[in-house]
**Student:** 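This structure is in structure tokens; I'll ask about it shortly.
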Amino acid sequence: MKKDSTMKKSTFLKGTIITTIGIVITKILGLLYVIPFHSIIGDEGGALYGYAYTIYLFFMSISTAGIPLAISKIVSEYQTLGYMKAKKRVFTLSKRISLLLGFISFLIIMLFAPVIAKGILGNATGGNSIEDISFVIRVIGTAILIVPVLSIYRGYFEGHRFMSPPSISQVIEQLFRVFIIIFGSLSAIKVFHLSISSAVGIALFGATAGAIISYLYLVNKLRKNKNKFNDKLIKKNEPIVSDKEIFKKLLTYAVPFIMIDLFKSLYNTIDMVTVVKGLVKVSYSTVDAETIYSMLSTWGAKFNMIILAISSGIIVNLIPNLSSSIVKKDYKGCNDKVIQSLNILLFLALPITFGISFLAKPIWYLFYGNSLYGPNVLSYYIFVGLFMSLATIVVTILQDYKGMFISLSIGVVLKLILNNNLLYAFNKMSFPAYYGVITASIIGYFTTFVIALILLKKKYNVLYENLIKNLVDYICGTVLMIMLLFVIKFLIPIYSSSRVLNILIIIFYGLIGCFIYFFYAYKAGCFEKIFGKKFINNIKRVFNKKSKR
């Protein structure tokens, strides 16, 4: 049987780069499709899509139950110890658990979709109906039958530090999903003249279809490369690990990830059940309230995915590497990886966040057309992505039940208490009322982040001195970038009524901003501080070889 030459193990830094690139490509694909999709289904359809996807993410946090990252962690441990038999049984048992949880979640969604829809709308009228919301929730529910098992395969590959196949599978999944979203919804409206809810339902089914194709890819990849998953000799004295012990270990490792996903989905759920009702109470129409909610849950959230992709790529690679270091009792290595992960996130996320905020108007017009609320929502809402990323990565590293629960709970409680209160307060101060909702999210995530940092320091004695020094450089570079772009704004318009011109404006400001930030970072020595001299020298050698050809 011919071996697949692409199946190679990754170092921590290389793996982080591979997974981050894969997730960023996936999110960019997920961002680009919204241009035609928004023009097909509009804001009302966007709200409908957002309702269904919020429910889907909530149940996914239950059905996947953090098992994929738990598998990645356990497989990495057993692989390091040479426990090959136990490692295979972890894979088998986790698939069974995910199938069971996925099926239970699927049944709940099918049976209780109308109840959920009623809870979302309350007595609001004039927008989407309870029947429409129930329909789209049931459609997206089909994805829960396949996505949990797909996640198990990704976790198994990542536990062995094979980072390329899971990344490729994500791109494949997104490509098929985007294809069905665009051509399915377009055909529903333009060819078959179906309702908006039918078009949204077809688009949501893209998640199921993409997951099936991605699953088949990984199954085939595993079948062709079985030998590469056993690169260590089986220990003759390998202890017998029972299913009960494996289940207990899976549960122990999965609970932290369950908490993270569940609490993150609670932020969306709080918005889902309060935003439309709250905005209607402060004199917004139901249509306008649903339009704003669609911007928070669907259209604006797409841009946050770019920043979240960076943290996701880091986390996926960080977990198995940290587990391996802990098994070897390499605590200095743990500290270095934690600090390097936070450095990479801040180094990339800060300029991207401020850059998108600065260019909110041309970006929104390019993707969605002219909008009364859109640019204002995006310019502020993008910061939720930054703080969500920071909170997620630190809480994931913490891996302590009590500490995670405290930090996450306090953040969510603040969000719940402040959501409507800040909405009313901002409205009274003549600010957009929805700014209060966004502010509540930022405060919640920032509080979780700070508490988790303190607990991480106590648990692992993580040293933040160098991170703080580097953060000053990142902030200075970002401020310098925004200041110079603001000056250029007086010379070159930052917005046009033409979508084509907006593309050129975004590219121009984006390239100038990148040059300013990275030039400053280069002069400040940020690249060597983050990636190390060895990695930078290797990059230079590659470019030198190419220039000599």
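Note that the coordinates shown come from a computational prediction; the quantities given were computed from them, not determined experimentally.
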**Student:** Just wondering, are more than 12 heavy atoms of other shown residues or ligands nearer than 6.0 Å to CD1 in Ile240?
**Tutor:**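 Count not over threshold, so no.
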**Student:** Ile189 and Ile196: side chain to side chain contact (heavy atoms under 4.5 Å, CB included), yes or no, with the steps?
**Tutor:** CA-CA 7 Å; Ile189 299 294; Ile196 291 292; 3.9 Å; yes
**Student:** Considering non-hydrogen atoms only, spot the tightest contact between Phe263 and Ser409 and give its length.
**Tutor:**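 That closest heavy-atom pairing would be CZ-OG, 3.5 Å.
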**Student:** Report yes if some heavy atom in the side chain of Val75 is under 4.5 Å from a heavy atom in the side chain of Phe91; otherwise report no.
**Tutor:**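 Val75 vs Phe91: side chains apart.
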**Student:** So, Ser407 side chain and Met404 main chain: donor-acceptor pair closer than 3.5 Å or not?
**Tutor:**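 Flag set: sc Ser407 to bb Met404 pair under 3.5 Å.
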**Student:** Tell me if the aromatic rings of Tyr381 and Phe303 count as close, with their centers under 6.0 Å from one another.
**Tutor:**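 No, the ring of Tyr381 stays outside the 6.0 Å limit from the ring of Phe303, centre to centre.
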**Student:** Say whether, by atom type as modelled, one donor and one acceptor occur between the side chain of Tyr215 and the main chain of Val149 under 3.5 angstrom.
**Tutor:**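 No, because the side chain of Tyr215 does not come within donor-acceptor range (under 3.5 Å) of the backbone of Val149.
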**Student:** Can you tell me how far OG1 of Thr448 sits from NZ of Lys264, rounded to the nearest 0.5 angstrom?
**Tutor:**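 Going from NZ on Lys264 over to OG1 on Thr448, the span is 11.5 Å.
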**Student:** Ring-plane angle category for Phe446 and Phe449, please: parallel below 30°, perpendicular beyond 60°, tilted otherwise.
**Tutor:**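 Rings of Phe446 and Phe449: tilted, 30 to 60°.
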**Student:** If you define the side chain from C-beta out and look only at heavy atoms, does anything of Ser389 sit under 4.5 Å from Leu345?
**Tutor:**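 With C-beta onward as the side chain, the pair touches.
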**Student:** Find out whether Glu173 and Leu150 are in side-chain contact, i.e. whether some heavy atom of one side chain is under 4.5 Å from a heavy atom of the other.
**Tutor:**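 Yes - at least one pair of side-chain heavy atoms lies under 4.5 Å apart.
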**Student:** A side-chain contact here means heavy atoms from C-beta on lying under 4.5 Å apart; do Tyr51 and Ile137 qualify?
**Tutor:**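 When only atoms from C-beta onward are counted, Ile137 and Tyr51 do not touch, as no gap falls below 4.5 Å.
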**Student:** Does the side chain to side chain contact (heavy atoms under 4.5 Å, CB included) test come out yes or no for Ser297 and Asp271, once each step is laid out?
**Tutor:** CA-CA 8 Å; Ser297 65; Asp271 282 344; over 6 Å; no
**Student:** Mind checking whether Phe347 and Lys529 have side chains closer than 4.5 Å, heavy atoms only?
**Tutor:**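 No; the side chains remain at least 4.5 Å from each other.
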**Student:** Nearest 0.5 angstrom please: Ser94 OG to Leu101 CG, how far?
**Tutor:**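 Interatomic distance, Ser94 OG to Leu101 CG, rounded to 0.5 Å: 11.0 Å.
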**Student:** Give me the atom names and distance for the closest heavy-atom approach of Ala47 to Ser294.
**Tutor:**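 Between these two residues, the closest heavy atoms are N-CB, 3.3 Å.
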**Student:** Quick one, Phe367 with Leu378, criterion side chain to side chain contact (heavy atoms under 4.5 Å, CB included). Give me CA distance, side-chain angles, the key distance, then yes/no.
**Tutor:** CA-CA 12 Å; Phe367 280 83; Leu378 178 58; over 6 Å; no
**Student:** Does the Ser265 side chain pair with the main chain of Leu262, one donor and one acceptor, at a distance under 3.5 Å?
**Tutor:**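 A pair under 3.5 Å: yes.
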**Student:** Using only atom types and a distance under 3.5 Å, with no angle test, would you say the side chain of Ser214 pairs donor to acceptor with the backbone of Gly210?
**Tutor:**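 Here the side-chain-to-backbone pair does not exist.
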**Student:** Establish, yes or no, whether a centroid distance under 6.0 Å links the rings of Tyr56 and Tyr53.
**Tutor:**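 Yes, the ring of Tyr56 comes within the 6.0 Å limit of the ring of Tyr53, centre to centre.
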**Student:** Look up atom CG in Leu216 and atom CD1 in Ile146, then write down how far apart they are to the nearest 0.5 Å.
**Tutor:**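 Spacing of CG (Leu216) from CD1 (Ile146) equals 7.5 Å.
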**Student:** Crowded around Tyr464 OH? As in, over 12 foreign heavy atoms under 6.0 Å?
**Tutor:**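 Correct, the count exceeds 12.
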**Student:** Is the closest side-chain heavy-atom distance between Asn470 and Leu346 below 4.5 Å?
**Tutor:**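 Result no, sub-4.5 Å side-chain heavy-atom pair not found.
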**Student:** Would you give the length of the straight line joining atom CG of Leu218 to atom CD1 of Ile168, rounded to the nearest 0.5 angstrom?
**Tutor:**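 The distance works out to 9.5 Å.
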**Student:** Consider side-chain contact (heavy atoms from CB on, under 4.5 Å). Of Thr54, Ile181, Val136, which one does Tyr49 pass it with?
**Tutor:**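 Checked Thr54, Ile181, Val136 against Tyr49; only one passes side-chain contact (heavy atoms from CB on, under 4.5 Å): Ile181.
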**Student:** Without swapping roles, check the side chain of Arg89 against the backbone of Ile246 for a donor-acceptor pair under 3.5 Å.
**Tutor:**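 Pair absent, no side-chain N/O of Arg89 close to backbone of Ile246.
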**Student:** Under 6.0 Å between ring centres: does that hold for Tyr156 and Phe162?
**Tutor:**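 Distance test on ring centres: not under 6.0 Å, no.
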**Student:** Out of curiosity, Ile116 CD1 to Ile55 CD1, how far, rounded to the nearest 0.5 Å?
**Tutor:**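 Here the interatomic distance stands at 5.0 Å.
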**Student:** Taking side chain as C-beta onward, heavy atoms only, is Phe247 less than 4.5 Å from Ile97?
**Tutor:**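 Yes. Closest side-chain heavy atoms under 4.5 Å.
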**Student:** Quick check for you: to the nearest 0.5 Å, what is the distance between Leu342 atom CG and Leu453 atom CG?
**Tutor:**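 It is 7.0 Å, given to the nearest 0.5 Å.
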**Student:** Under the 3.5 angstrom rule, does the side chain of Ser76 hit a backbone N or O of Lys73 as a donor-acceptor pair?
**Tutor:**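 Side chain of Ser76 to backbone of Lys73, a donor-acceptor pair under 3.5 Å: no, none is there.
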**Student:** Taking the six-membered ring for Trp, are Tyr445 and Tyr267 parallel (under 30°), tilted (30 to 60°) or perpendicular (over 60°)?
**Tutor:**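 The rings of Tyr445 and Tyr267 lie parallel, inter-plane angle below 30°.
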**Student:** Between Phe106 and Phe59, does a ring pair (Phe, Tyr, Trp, His ring centres under 6.0 Å) hold up when you go through it step by step?
**Tutor:** CA-CA 8 Å; Phe106 170 76; Phe59 278 95; over 10 Å; no
**Student:** I need the minimum non-hydrogen distance between Ile393 and Ser341, along with the two atoms involved.
**Tutor:**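 Nearest pair, atom of Ile393 first, then Ser341: CD1-CB, 4.1 Å.
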**Student:** Mark yes or no for whether Arg177, through its side chain, and Ala207, through its backbone, hold a donor-acceptor pair below 3.5 Å.
**Tutor:**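 Checking the backbone N and O of Ala207 against the side chain of Arg177, no donor-acceptor pair under 3.5 Å is found.
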**Student:** Would you say the side-chain atoms of Ser98 pair up with the backbone N or O of Lys95, donor to acceptor, closer than 3.5 Å?
**Tutor:**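 No: the side chain of Ser98 does not pair with the backbone of Lys95.
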**Student:** Minimum heavy-atom separation for Ala349 to Leu386, with atom names?
**Tutor:**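 Scanning both residues completely, I find the closest heavy atoms to be CB-CD1, 3.8 Å.
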**Student:** Could you check whether any side-chain N or O of Asn343 sits under 3.5 Å from a backbone N or O of Ile339, counting only pairs where one atom can act as donor and the other as acceptor?
**Tutor:**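 Judged by distance alone, yes, a pair lies under 3.5 Å.
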**Student:** If you count the non-hydrogen atoms of other residues, nucleotides and ligands that lie under 6.0 Å from NZ in Lys457, is the total more than 12?
**Tutor:**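 Yes, NZ of Lys457 has more than 12 neighbouring heavy atoms, counting only those of other groups under 6.0 Å.
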**Student:** Go through Val384 and Asn304 one step at a time and tell me if the side chain to side chain contact (heavy atoms under 4.5 Å, CB included) criterion holds.
**Tutor:** CA-CA 7 Å; Val384 173; Asn304 284 359; 4.1 Å; yes
**Student:** At their closest point, which heavy atom of Gly102 faces which heavy atom of Ile144, and how far apart are they?
**Tutor:**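 Reported closest heavy-atom pair: O-CG2, 3.5 Å.
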**Student:** Tell me whether Tyr474 contacts the main-chain N or O of Leu350 through its side chain, where contact means a donor paired with an acceptor under 3.5 Å.
**Tutor:**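 The answer is no, because no donor-acceptor pair under 3.5 Å joins these two groups.
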**Student:** Looking only at heavy atoms, which two atoms of Ala52 and Ile140 are closest? And how far apart?
**Tutor:**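 The pair with the smallest heavy-atom distance is O-CG2, 3.7 Å.
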